[in-house]
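Labels below follow one simple rule: chain letters A, B, ... track the order of the sequence lines, proteins then strands, and each chain is numbered from 1.
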Amino acid sequence: MTKRYWLMKSEPEEFSIDALAKVKVEPWSGVRNYQARNYMRDGMRVGDGILFYHSNCPEPGVVGLAEVASLAHPDPTQFDPRSDYHDPASRPEEPRWLLVDVRFKRKLARTITLDELKAQADELGDFALIRRGNRLSVLPVTRAQWDFILALE
DNA sequence: GCCAACGTTGGC
DNA sequence: GCCAACGTTGGC
């Protein structure tokens, strides 16, 4: 089966690439967007490549590599009333939100910044990350984009 | 099913 | 902290 590639955003103040390096595997809780959920549920398979992206920070960009470590399964935080991600409308017998486990691979030698990626828009082709107004936190990356971005490292 | 109001994301 | 973009909610 062909390996697929993804980009996943995280705010470094919430959960950084260094935090992932420390714990090794992290359940990617808190995704509350249907399109992002559908990518995890319908698209992701164990072993797929992940570009780890820092958002909402001084230098937004790709900072590391990870891989999909599990198929999608229910996100327990949706049922936890004390969690920021609690969703009272979701029922355990029919969970609305899913997550995958994400395994650390390596940190990049440097940050491939959003600015750089925007500057290379022609070479990257259609890429959800640099589309105007993009807010998706989980998005697909083509093999060509993956190779191109890593060649910038 | 439309759409105004509202909430969130995320770059700057 | 501002605000553009966009998703969701809920009244009608």
Revision key, fill the gap. A:Glu13 CD to B:dG11 P, in whole Å, measures 13 Å
Check your understanding: Does a nitrogen or oxygen in the side chain of A:Tyr53 sit under 4.0 Å from OP1 or OP2 of B:dT9?
Key -> no
Review point. Do A:Asp87 and A:Arg32 meet the salt-bridge criterion of a basic N to acidic O distance under 4.0 Å?
Key: no
Check your understanding: Would you say A:Lys9 reaches B:dG10's phosphate, i.e. side-chain N/O to OP1/OP2 under 4.0 Å?
Key -> yes
Practice item. Please state how far atom CG in A:Asn38 lies from atom C1' in C:dG7, giving the value in whole angstrom units. Key: 14 Å
Practice item. May I have the distance from A:Asn33 (atom CG) to C:dC6 (atom P), rounded to whole angstrom? Key: 13 Å
Review point. What is the distance, rounded to the nearest whole Å, between atom CD of A:Gln35 and atom C1' of B:dT8?
Key: 16 Å
Practice item. Could you say whether A:Asn134 or A:Asn56 is positioned toward the 5' end of DNA chain C, judged by the nucleotide with the nearest heavy atom to each? Key: A:Asn56
Review point. Hey, does the side chain of A:Arg132 come within less than 4.0 Å of C:dA4's phosphate (OP1/OP2), counting only N and O?
Key: no
**Study point:** Backbone N/O of A:Ala109 and side chain of A:Glu153: donor-acceptor pair under 3.5 Å
**Key:** yes
Review point. Going by modelled atom types, is there a donor-acceptor pair between the base of B:dT8 and the side chain of A:Arg32 at under 3.5 Å?
Key: no
Exercise for review: Determine, step by step, whether A:Phe52 and A:Trp6 satisfy the ring-ring contact (aromatic ring centres under 6.0 Å, His included) criterion, reporting the C-alpha distance in whole Å, the side-chain angles of both residues, the deciding distance to 0.1 Å, and the verdict.
Suggested key: CA-CA 9 Å; A:Phe52 194 105; A:Trp6 309 92; over 10 Å; no
Study note, to complete from the structure: Here the distance between atom P of C:dG7 and atom CH2 of A:Trp97, to the nearest Å, is 13 Å
Review point. Which nucleotide in the list B:dG7, C:dT8, B:dC12 gets nearest to the side chain of A:Arg135?
Key: B:dG7
Check your understanding: Between atom CD1 in A:Ile130 and atom P in C:dA5, what is the gap in whole Å?
Key -> 17 Å
Study note, to complete from the structure: Residues A:Asp42 and A:Arg4: closest non-hydrogen pair is O-NH1, 4.0 Å
Exercise for review: For A:Arg131 and C:dG7, give me the distance from atom CZ to atom P, rounded to whole Å.
Suggested key: 11 Å
Check your understanding: Any side-chain donor paired with an acceptor under 3.5 Å for A:Asp18 and A:Ser16?
Key -> no
Check your understanding: Whole-Å distance between B:dG10 C1' and A:Glu59 CD?
Key -> 16 Å
